[in-house]
There are 2 protein chains.
Amino acid sequence: MNVKDLCLGALTIGDASGYDLKKFFETTFSHFCVAGYGSIYPALAELATEGLVRCHEQPQQGRPGRKLYQLTAAGRKAFLQKLEKTAPRHTVKSDFLLSLYFAHLLPPQRLETILDERIAEIERQLSCHARCRRQSAQGSGEPVGERFVRGFGEAVLSAAREYLRVHRRELASASTARSRHTPNSPRRTLRGGLHALHHS
Amino acid sequence: MNVKDLCLGALTIGDASGYDLKKFFETTFSHFCVAGYGSIYPALAELATEGLVRCHEQPQQGRPGRKLYQLTAAGRKAFLQKLEKTAPRHTVKSDFLLSLYFAHLLPPQRLETILDERIAEIERQLSCHARCRRQSAQGSGEPVGERFVRGFGEAVLSAAREYLRVHRRELASASTARSRHTPNSPRRTLRGGLHALHHS
DNA sequence: CGCATGGTATATCGGGCTGATATATGACGG
DNA sequence: CCGTCATATATCAGCCCGATATACCATGCG
């Protein structure tokens, strides 16, 4: 699922410009997808040459013309096929967890900041979800997938926040003991020191 | 935090070859980081030219010589600085959630498969964590960060599994109702149809 | 009234990463 | 004896992220 497919998917919901798509990704898809202009605009251009979308340009006086993209029948079909064929992977990329893994190398102050900021970010995202939930509740016919995916995000974010709240003190205590200033590494080797896990 | 920094970090734990590093990332960092050979080998080469790591090549008969990399003082310092300066982001990239968002476009059968496979994968990862936990419990002096990060992973994975188990039927029911075969889109527009969220 | 800020809107580009592929060999099981 | 797996390094096309440029309007603040 690359950005081209992402655009195709969003366009099954309604026509949009590149700008609209970015906005849409930032709101509805924000917790499991990102795409910048640098990917979206070239993607739309390619999709147009492939006949999967049509472009309706509406010149505006002053501002640059708005290019509204519309899904074609071929585009819809292409997206459905991608949906059925693609292996639905799920990956996390987190400098946050990486930093905490190396907690013993960080000053306590920095550790606190990192945790506070992450919790704040989680709460920001949770309140976004809550707002969406309210808006959709009154509006008619929210697609099932949207509700489900939002609920998933809420469940996972809540669990993360709870874990951080409960266990953060464990990290802090260790960080204080850091005054022992990391003994010079006696040429250890990572080799085999690591639990043979291998989940494919 | 790019792959170069990742390697630096891993090398604070012990010396390693590129191969060892990949193995290490796949086990200990698997749930929040990925790095393939295509990133690791060039990264190590660059780090060596920058003097942040030293390379000790040990020729082996038959097999290609093993290149053991060791962190230098400069390398250690560089990593600590990166740790303190970097904004610790946390992002999820999920074709899984994306697919479920479009549940109304998928045949029920496919939906079931996607959910089953995700749950199976979650359980695989959880049992990996459990194994690590046991191994570390008997071994001495597991770094605090490692335990914390593993616990975080377990908390989040458990929550995800629970949510999927409880709510999957909601999706299925909707998917069955899909027989109405998506009415031809009446030229809707994404524009503004979307909750102004904007969490920075 | 002037000016800064921020939203609308498109586009480009370098640097970096993913995933696939190539190469070579030993160990192990059937 | 043969296939498969683990060890081990390396390259590369294709794709993506983040920053940057451009241009204009609306809003608000002093």
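Naming: A, B, ... by sequence-line order, numbering from 1 per chain.
In this structure, the helix from C:dC1-D:dG30 to C:dG30-D:dC1 shows an angle of 40° between the axis at its start and the axis at its end, each fitted on 5 base pairs and rounded to 10°.
Of the side-chain N and O atoms in A:Ser17, one or more sit less than 4.0 angstrom from OP1 or OP2 of C:dT10. At D:dC17, none of the side-chain N or O atoms of B:Arg89 fall inside 4.0 Å of OP1 or OP2 (strictly under the cut-off). Note on B:Lys93: every side-chain N or O is 4.0 Å or more away from OP1 and OP2 of D:dC16. Residue A:Lys67 places at least one side-chain N or O closer than 4.0 Å to OP1 or OP2 of C:dA11. A sub-4.0 Å separation between OP1 or OP2 of C:dT8 and a side-chain N or O of A:Lys23 is present.
A distance-only check finds no donor-acceptor pair linking the side chain of B:Thr28 to the backbone of B:Phe25 [under 3.5 Å]. Remark: side-chain polar atoms of A:Thr27 are paired, donor with acceptor, to backbone N or O of A:Lys23 under 3.5 angstrom. With A:Asn2 contributing its side chain and A:Asp5 its backbone, the two residues share a donor-acceptor pair below 3.5 Å. A distance-only check finds no donor-acceptor pair linking the side chain of B:Tyr163 to the backbone of A:Gly153 [under 3.5 Å]. Side chain of A:Ser127 to backbone of A:Arg124: a donor-acceptor contact under 3.5 angstrom is found. Checking side-chain atoms of B:Asp20 against main-chain N and O of B:Ser17 turns up a donor-acceptor pair under 3.5 Å.
If you measure from atom CZ of B:Arg66 to atom P of D:dA6, you get 17 Å, rounded to the nearest angstrom. One interatomic measurement links the two molecules: CG of A:Asp95 to P of C:dC17, which rounds to 11 Å at whole-angstrom precision. Atom NZ of B:Lys22 and atom P of D:dT11 are 17 Å apart (whole Å). Put simply, OH on B:Tyr69 is 7 Å from P on D:dT9, counting in whole angstrom units. One can place OH of A:Tyr19 at 9 Å from P of C:dT10, the figure rounded to the nearest angstrom. Atom CZ of A:Phe29 is separated from atom P of D:dC16 by 15 Å (rounded to the nearest Å). Protein atom CD of B:Glu26 is 11 Å distant from nucleotide atom P of D:dA6, rounded to whole Å.
Using the six-membered ring where Trp is involved, A:Tyr19 and A:Tyr37 have ring planes that are parallel, under 30° apart on the 30 and 60° scheme.
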| request: Kindly determine whether B:His167 and B:Leu115 satisfy side chain to side chain contact (heavy atoms under 4.5 Å, CB included), including the steps that lead there. | output: CA-CA 11 Å; B:His167 291 88; B:Leu115 287 162; over 6 Å; no

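Within 6.0 Å of CZ in A:Arg150 there are more than 12 heavy atoms belonging to other residues, nucleotides or ligands.
DNA chain C lies under 4.0 Å from at least one heavy atom of each of the following residues of residues 2-11 of chain B: B:Asn2, B:Val3. Annotation: proximity of residues 33-46 of chain B to DNA chain D (heavy atom, distance under 4.0 Å) is found for B:Tyr37, B:Gly38, B:Tyr41, numbered in ascending order.
Side chains of B:Leu126 and B:Arg161 form a contact here, defined as non-hydrogen atoms less than 4.5 Å apart.
With values rounded to the nearest 0.5 angstrom, B:Gln109 atom CD is found 10.5 Å from B:Ile114 atom CD1.
Aromatic rings of B:Phe152 and B:Phe32 (six-membered ring for Trp) have centroids beyond the 6.0 Å cut-off, not under it.
Which of C:dT8, D:dA6, C:dA9 sits closest to the side chain of A:Asp20 comes down to C:dA9.
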